[in-house]
Amino acid sequence: QGSYQMLGQRRAMARVLALFLCAVSVHASLVDLHYHNFTDVAAGKHLFVLFTTCTTEDCAHGMFHDDWLQLADIYKDDPVVLIGIVDCAADGFQVKLCKAHKITGYPTLVHYKGTEWEKPGKHQQYKGKGDLESLKTFVEDYLKKPREEL
């Protein structure tokens, strides 16, 4: 009876591991930005970042969250565009990052071309619709294009 019980436990562990790996693969294309990695990850990319206090589909903006994950999947291998997320409620460092980027409400979408993220401001906040097609159009028509020299 002991070996049957052990076999059942191993099967249960295998199922849990399989579910975990599936969950990770769904979110693998979305770059989780933090206070400590933002500068390194942002280098050389045009960023489109979701600042939020809820990083699961169970939050109030859950449908929007699904579209954001799909957008990240579409651009996961893009050499120019990075689709990211910042959890502004994770810890004190994240709160500091969100304040530095002038985030006052959630969810907030912000875009940066090149080094614009070094001088964040309200002018970089995306004001368009949050559905997948609108987000893709914004990336293709604006964000993927080179930054104009000032």
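Along the sequence shown, the residues carry numbers beginning at 1. Every heavy atom of this structure was used, including side-chain atoms; hydrogens, water molecules and symmetry mates were not.
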Report the residues that fulfil salt bridge (charged side-chain N to carboxylate O under 4.0 Å, His left out) with D78, sequence neighbours left out, ordered by chain and then residue number.
->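 Only K144 meet the salt bridge (charged side-chain N to carboxylate O under 4.0 Å, His left out) criterion with D78.
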From [X] [atom1] over to [Y] [atom2], what is the distance, rounded to the nearest 0.5 angstrom?
| X | Y | atom1 | atom2 | result |
| --- | --- | --- | --- | --- |
| L50 | C88 | CG | SG | 8.5 Å |
| W117 | Y112 | CH2 | OH | 10.0 Å |
| D66 | L71 | CG | CG | 12.5 Å |
| I83 | L69 | CD1 | CG | 11.0 Å |
| L33 | D40 | CG | CG | 11.0 Å |
| L109 | Q125 | CG | CD | 9.0 Å |

Heavy-atom pair with the smallest gap, counting every atom of [X] and [Y]:
| X | Y | answer |
| --- | --- | --- |
| Q94 | D91 | N-OD1, 2.9 Å |
| S134 | K129 | OG-CB, 3.5 Å |
| H111 | E116 | O-OE1, 4.2 Å |
| K45 | V81 | NZ-O, 4.2 Å |

Check whether V139 and I74 end up in the same hydrophobic cluster, where Ile, Leu, Val, Met, Phe, Trp and Tyr are linked by side-chain heavy atoms less than 4.5 Å apart.
->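 Yes, V139 and I74 fall within the same hydrophobic cluster.
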Tell me whether F51 is reachable from V95 by hopping between hydrophobic residues (I, L, V, M, F, W, Y) whose side-chain heavy atoms are closer than 4.5 Å.
->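 No; F51 is not reachable from V95 via cluster members.
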Of V49, L135, V110, which is the lone residue that meets side-chain contact (heavy atoms from CB on, under 4.5 Å) with Y126?
->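 Result: among V49, L135, V110, L135 is the only option passing the side-chain contact (heavy atoms from CB on, under 4.5 Å) with Y126.
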Between Q124 and K113, is any pair of side-chain heavy atoms under 4.5 Å apart?
->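 No, side chains not in contact.
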Side chain to side chain, K76 and D73, heavy atoms closer than 4.5 Å =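 K76 vs D73: side chains touch.
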Those residues that, when tested against T137, pass side chain to side chain donor-acceptor pair (under 3.5 Å) (two or more places apart) |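 If we apply the side chain to side chain donor-acceptor pair (under 3.5 Å) test to T137, skipping adjacent residues, there are no hits.
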In chain order, what residues pass the side chain to side chain donor-acceptor pair (under 3.5 Å) check against E140, with sequence neighbours excluded?
->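 E140 satisfies side chain to side chain donor-acceptor pair (under 3.5 Å) with Y75 only.
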Parallel under 30°, tilted from 30 to 60°, perpendicular over 60°: which one fits the rings of F138 and F48?
->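 Tilted, since the angle between the ring planes falls between 30° and 60°.
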